[in-house]
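Remarks on the structure that follows.
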Amino acid sequence: MNEITDIVMVGLVLTCLLLLGSSRLGAYIQIVAGQGVVTALVPLVMHGAEVGLQGIVVSAVTLVMKGIVFPRLLFRALYAAGVRREVEAYVSFPMSVLAGVAMLACAFWLSWRFGLGETVSGLAIPVALLMVLTGLFLIVSRVLALTQVVGYLTLENGIYLLSVVLVPQQLFVIEMGILLDAFVAVFVMGIMIFHISREFDHIDTQAMDELADWQRSGGEER
Amino acid sequence: MEGGVVWGIVSLCMGGLVASLWVLLSGKGWVWEQAWAMVGERFAVGLDALSAWFAVPLSIVGGMGAVYGRGYMRHAGWGTRMRGWWWYAALLASMWVVLMARSRMVFLLAWEVMTLTSFFLVMLEGQGVESRRAGWMYLVAGHLGMAALVVWSVLVPWGGVAKASMSLVFLVGLVGFGVKAGMVPLHVWLPEAHTVAPSHVSAMMSGVMIKMGVYGILRTLVWAGELEEWWGWSLICVGVLSGILGATNALAQRDMKRLLAYSSVDNVGIIMMGLGCGVVGRALGMSIVSACGFAGALLHVWHHAIFKGLLFLGAGAVMDGVGTRNLNELGGIGQRMRWTSVCVCIGALAMAAAPVLNGSVSEGLVVVGGMLGGQAAGMHALGPVGVVVGMALTGALAALCSVVLFGIAFLGEARSAAAAQAKEVGVAMRAPMVVLAALCVMTGCVPILTMMGSMPVIAQLMGNEGGSALEMVWRMTKGMSVVAVSLVGMGLLLHALRQRAIERNGRVWQPTWGCGYLEPTARMQYSGLSLVQPVLRVLGWLVCVRESGGQVAETFPRAAMFKREVSDAVTYSLHRVMSKMRGVVEWVRILQHGRVHAYLLYIVLTLLVLLAWKGR
Amino acid sequence: MKMTEWLQSIVGLVLAPLMVGVIQRVKAWMGGRKGQPLLQCYYELWKLAQKGGVYSRASTWILRLGTVAVAGVLMMATLMVPVGGTRGVISFPGDVAAFVLLLGLARVLTVLGGLDTGSSFEGMGASREMLLGVLSEPVILLTFAVLVRWTAHASLAEVCEATRGAAWSSEWPVAVLLFAAVWVLLLMEAGRVPVDDPATHLELTMIHEVIVLDHSGPELALMQYAHALKMWVWSVICVNMVVPGLGAWWKDLVCGVGGVFGVAMGVGVIESSMARWRLNKLPHLGAGGLALVLLAFLIDMWRG
């Protein structure tokens, strides 16, 4: 569409790749916060003065939540759990970055396939899809619970961007709904991470299957 | 007697070389047809540009191999030697017939003779378990490929009108010829067989025989007329897979010949990538892409035959002069085997696609084909761009292979007593290597000559849409010539300057600087596997790397051991599948119980069924 | 062949060692030191060229061939990339591939020269250098593939001409991404921080310096000169995407040379502000570079 939107979009793609490639928990939280702030500003950049009061409110609320509240909650959870600062992953970081590029290709293909490309901005839809896919990838491929929250937030950023581009009219309703969800999720996960780490001395979701009943009882019966 | 045989083979080869060059340069071929009493078949042989193109390396490497074999087999018994020459001549002849066959039975018979003679040559020297295993694997793989080729030969039009869908023909041909060409995952026999065969036979098999598979695929493409894009994509996939897996496996080998055998797999991958580019380019109507791709693939057929032939001969020379091919026991033989080391260095650098030598021209063409194909619209660009990435990885890994091959074996200090007493090989073995090395340099510096020969073949492959596209290929080859020649000039100039400075200020010979360590031994040098260890850390998942030991505890640790073994992941998983299948196959053996009467019954039943079918 | 083509090639051949001086100066300045003279590198080359040769007893003709060929190869490469205005001295369609193959030859011969002495330290450098090759080669070729696609030209001269100033047009996302990717390549190929620290004094942490441990006198001078040229060619490719095209060839030349020294300063700043990475993090850099190029490719594809 215009130059600034393009800059923002390329920047968002880079944040996704950074997320996939970085190995520090602190960096994770900061990157996703930065990504949230940028996405929050997208409607202002894209539609300029036409957004109106409602749009400004949405952007402001989103900005505050994603830029300040969520990172704070997550950092608190990080310190409370006292976990190692390194992200653990099933897929190595270089591979994750290349998978990110593959996901971008996939996103381009999807938006081309569904004819979404022509609607608004050249890059916005594929980038939004990329963020959704990156979020899902992070949730699946990272071990620690905290990183799954980060993945969830990335996913949410993607959905927000998608709604900005596709349904700018109902932005307020959608965004408030999602934000509430995200807030609850971060909050609950924050508490949970704290409790998991207190009970088990780690927040490794890999070890959660020890909780399953069937395994132990099955073993005893045999 | 033996000398007569050798000179006979060499002179026949030279005759063949002249004939095929004449066909290439004049662009005129011939076909000779005759009715044949055999199962209503006709007997047809012919020689066109495509056949002649493959006959040239066959003649060169075949002739040089014969001269070399004279020296190489001198320790073998008289019987072994004569058997060897007989099979060698039969192998050469059968390959000629494969290239010239224009009808079904001629082709199938020649192909089978080619497989069998090379099998006997593989088994020629070996009595051990290893060579029996290799021969067995080769025989089984060859005949599985043969099964596909029988189907192929029935379906393919043999120059006439297509009866079956050409896509099906292409697929069946890809499998059947892929076995011979050593494409991943059909390559499992190749490293085994090429390792145990006598070196001049390995040169023949690796340089020329696996190209018969490429020839078959090209023949299918020529007869198909219209090419479809997905054929190109499948060639590209197979090529990228062969290139990367072949090269990764190659660099982890200890045995020089095994390394070279795996490197043949990667070079076949390069040829396939070029062909894929050509097919995609032609299907999309981008004639420049297809010209570059086909030209690269065709030139690489020659170039690989020359440098890989040279390298196998070099490995044989090392075997002869040192007595081992194990890289961990070699080292420093460059100082004692000067001729061999110069020749192998040229071959290894050609394998690494170094400008001035021939590998660079063909690989450069394939890369440029991929890059230009990247201009295609939308998803069509992905195939050619895949070629570019595949070529990049293959090229980098192949460079590492040649560093392992030449750097570990010929440079540094001797790692064993045998290597310290290496002796240069005799003239009979040296001369063919020198000739092939000279050809490497010539085809690398003046690729215009080889391009001229390939023009009619490319025209055959591209239909009639060459023209301006070939112009671009010409300009690029000329440019490569300019680069090569001026690089040589620049090197000579710098050498003269350096020489003058050194002459003025004197030179001193000192021990290698040990960075303060006083007792360095030759065992401390990097070995092949330790040289590639960082790369295997990144790409190790492509092969099976098994490591054991290496743990050192305490302040003054006791002697520790570390072992790293690398094996081919495809072979490994194929073995797993095969052993699973064995249980099923056991059931079939009920039919094969050794009672002759029952076998006769099978024959009678077959006859009756055929009669009933015919009399319908 | 016009005078201007030769002129700009000679500019590259002459000014390349100055880049090293600029980097050193920036590093000194950032570290609060005065630093060596800008022309120090030339003095060193001159001094080395005046010395005799000290050779390892294990070494053969390979080491000497290697140095000569490496320097020759890099000089050829310098003749191929135009720093401003006109094309390079050597230019033909498809010379991008020749360029890449030339650099590959330089790498292989450097490594063989290291192995020629039989030193385990040089073997270590060789091993790492080859790892760098495996990581950077896909990025290099893919970068050129995207450049060829994007500019619809297949020779370096035309590519550089077409990319000139692209960062200031509507094509800027591709240009900026490629610029970043080539910068990564520059760091990897020329062995600067965070890939390799040229200032390190411990053999175990070196890559490029350790391979030439047994080179001396004129040989060492040739290797150092070749190294400076390598930095020069990559900077030129990098810079061509961001400096504006001004029309007149001499304006472009001045602009290009200025840009190259700007890159040198950038390298110096990076070098003073971060540490060398652990070797096992190098794949991250390779993957990062590859991701940048692929991104450029996808964006170019998406835009039609």
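Please read all numbers here as calculations on a predicted model, not as lab measurements. Below, chains carry the letters A, B, ... as their sequence lines are ordered, and counting in each starts from 1. The figures here come from the full heavy-atom set of this structure, side chains too, leaving out hydrogens, waters and symmetry mates.
Thr512(B) contributes a side-chain N or O that, together with a main-chain N or O of Thr117(C), makes up a donor-acceptor pair within less than 3.5 Å. Side-chain atoms of Asn505(B) come within 3.5 Å of backbone atoms of Gln50(C) as a donor-acceptor pair (strictly under, hydrogens ignored). Side-chain atoms of Gln335(B) come within 3.5 Å of backbone N or O of Ala58(C) as a donor-acceptor pair.
Of the two parts of Phe144(C), the backbone and the side chain both hold a non-hydrogen atom closer than 4.5 Å to a non-hydrogen atom of chain B. In this structure, chain C has no heavy atom under 4.5 Å from any part of Pro520(B). For Ala376(B), the part lying near chain C is the backbone, with the side chain staying farther off; criterion is any non-hydrogen pair under 4.5 Å. Interface remark: Val535(B) contributes backbone and side-chain atoms alike to the contact with chain C (heavy atom separation under 4.5 Å). Looking at Leu539(B), only its side chain comes within 4.5 Å of chain C, counting heavy atoms on both sides. Of the two parts of Leu349(B), only the side chain, counted from C-beta on, holds a non-hydrogen atom closer than 4.5 Å to a non-hydrogen atom of chain C. Both the backbone and the side chain of Leu112(C) come within contact range of chain B, with heavy atoms under 4.5 Å apart. Contact annotation for Val148(C): both backbone and side-chain heavy atoms come within less than 4.5 Å of a heavy atom of chain B. Using a 4.5 Å cut-off between heavy atoms, Leu109(C) touches chain B through its side chain atoms alone. Looking at Val342(B), the atoms closer than 4.5 Å to chain C (heavy atoms on both sides) sit in the backbone and in the side chain alike.
Between atom NZ of residue Lys51(C) and atom CZ of residue Arg504(B) there is a gap of 14.0 Å, rounded to the nearest 0.5 Å. From Arg498(B), atom CZ reaches atom CG of Leu222(C) across 8.0 Å, with rounding to the nearest 0.5 Å. Rounding to the nearest 0.5 angstrom, the gap separating the CG atom in Leu397(B) from the CE atom in Met130(C) is 9.0 Å. To the nearest 0.5 Å, the span separating OG on Ser127(C) from CG on Leu529(B) amounts to 11.0 Å. Residue Trp513(B) holds its CH2 atom at 9.0 Å from OG of Ser119(C), rounded to the nearest 0.5 Å. Met75(C) CE to Leu487(B) CG: the interatomic distance, rounded to the nearest 0.5 Å, is 10.5 Å.
The side-chain heavy atoms of Leu79(C) and Met490(B), taken from C-beta on, include a pair separated by under 4.5 Å. Between Met480(B) and Leu101(C) there is a side-chain heavy-atom pair separated by less than 4.5 Å. Side-chain atoms of Cys345(B) and Ile62(C), non-hydrogen and from C-beta on, do get closer than 4.5 Å to each other. Side-chain contact between Met371(B) and Leu141(C) is present, with at least one heavy-atom pair separated by less than 4.5 Å. Between Arg64(C) and His495(B) there is no side-chain heavy-atom pair separated by less than 4.5 Å. With contacts defined as side-chain heavy-atom distances shorter than 4.5 Å, the pair Phe92(C)/Arg475(B) does not qualify. Between Val134(C) and Leu393(B), the closest side-chain pair of non-hydrogen atoms falls below 4.5 Å.
Residue Tyr526(B) comes nearest to Ser120(C) through the heavy atom pair CE1-O, 3.4 Å, listed as atom of the first residue, atom of the second, then distance.
If you tally non-hydrogen atom pairs under 4.5 Å between each of Ala352(B), Gly370(B), Ala392(B) and chain C, the highest count goes to Ala392(B). Of the residues considered (Ser486(B), Ser402(B), Ala501(B)), Ser486(B) shows the highest number of contacts with chain C, using heavy-atom pairs under 4.5 Å. Ranking Val483(B), Ile502(B), Leu411(B) against chain C, the residue ahead of the rest is Leu411(B), based on heavy-atom pairs under 4.5 Å. Taking Met476(B), Glu503(B), Glu363(B), Arg338(B) one by one and counting their heavy-atom pairs under 4.5 Å with chain C, the maximum is reached by Met476(B). Between chain C and the residues Gln510(B), Met524(B), Arg507(B), Gln525(B), the most heavy-atom pairs under 4.5 angstrom are made by Gln510(B). The candidate from Val403(B), Val368(B), Val367(B), Val389(B) with the greatest count of non-hydrogen atom pairs under 4.5 Å with chain C is Val403(B).
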Query raised in the report: Please walk me through it: do Leu105(C) and Val356(B) pass side chain to side chain contact (heavy atoms under 4.5 Å, CB included)?
Result: CA-CA 10 Å; Leu105(C) 171 62; Val356(B) 179; 5.6 Å; no
